[in-house]
Amino acid sequence: MKEKTMSIWLKKWANLVSIFEIPRVPQHGEAQKSMFRREVVRQTADGNVLLQLGYYLTEEDIDRLKTTLL
């Protein structure tokens, strides 16, 4: 009986402590960041159809081309 009550109190205490934990910030990989950037450019581009269609190079794309061509 005592063992069961100890585990119940520990569970309740753990639940109470979990309320005060700071939530973690989601971590995105470079591929997801690139996808987010491209989507933002597509949605906010005004007047330039090539930007709206996604036909442009980012700074990372230019750096990648430089390293592969040289």
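The analysis underlying the following values was restricted to heavy atoms, covering all of them including side chains, and did not include hydrogens, waters or symmetry mates.
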Exercise. Tell me, which pairs form a side chain to side chain donor-acceptor pair (under 3.5 Å) where one or both residues lie in residues 37-47, sequence neighbours left out?
Worked result: R38-D61, E39-Q43
Exercise. Counting only N and O atoms by type, is there a donor-acceptor contact under 3.5 Å from the side chain of T68 to the main-chain atoms of L65?
Worked result: yes
For this session: Working to the nearest 0.5 Å, report the span between CG of L57 and CG of D63.
Result: 11.0 Å
Problem set entry | Option from L50, V41, N48 for which side-chain contact (heavy atoms from CB on, under 4.5 Å) with Y56 holds | V41
Exercise. Who passes salt bridge (charged side-chain N to carboxylate O under 4.0 Å, His left out) against E30, sequence neighbours left out?
Worked result: K33
Exercise. Listed by chain and number, what are the side chain to side chain contact (heavy atoms under 4.5 Å, CB included) partners of L69, not counting sequence neighbours?
Worked result: none
Exercise. Measuring from K12:NZ to L16:CG, what's the distance to the nearest 0.5 Å?
Worked result: 11.0 Å
Problem set entry | Euclidean distance, L10 CG relative to N15 CG, rounded to 0.5 Å | 11.0 Å
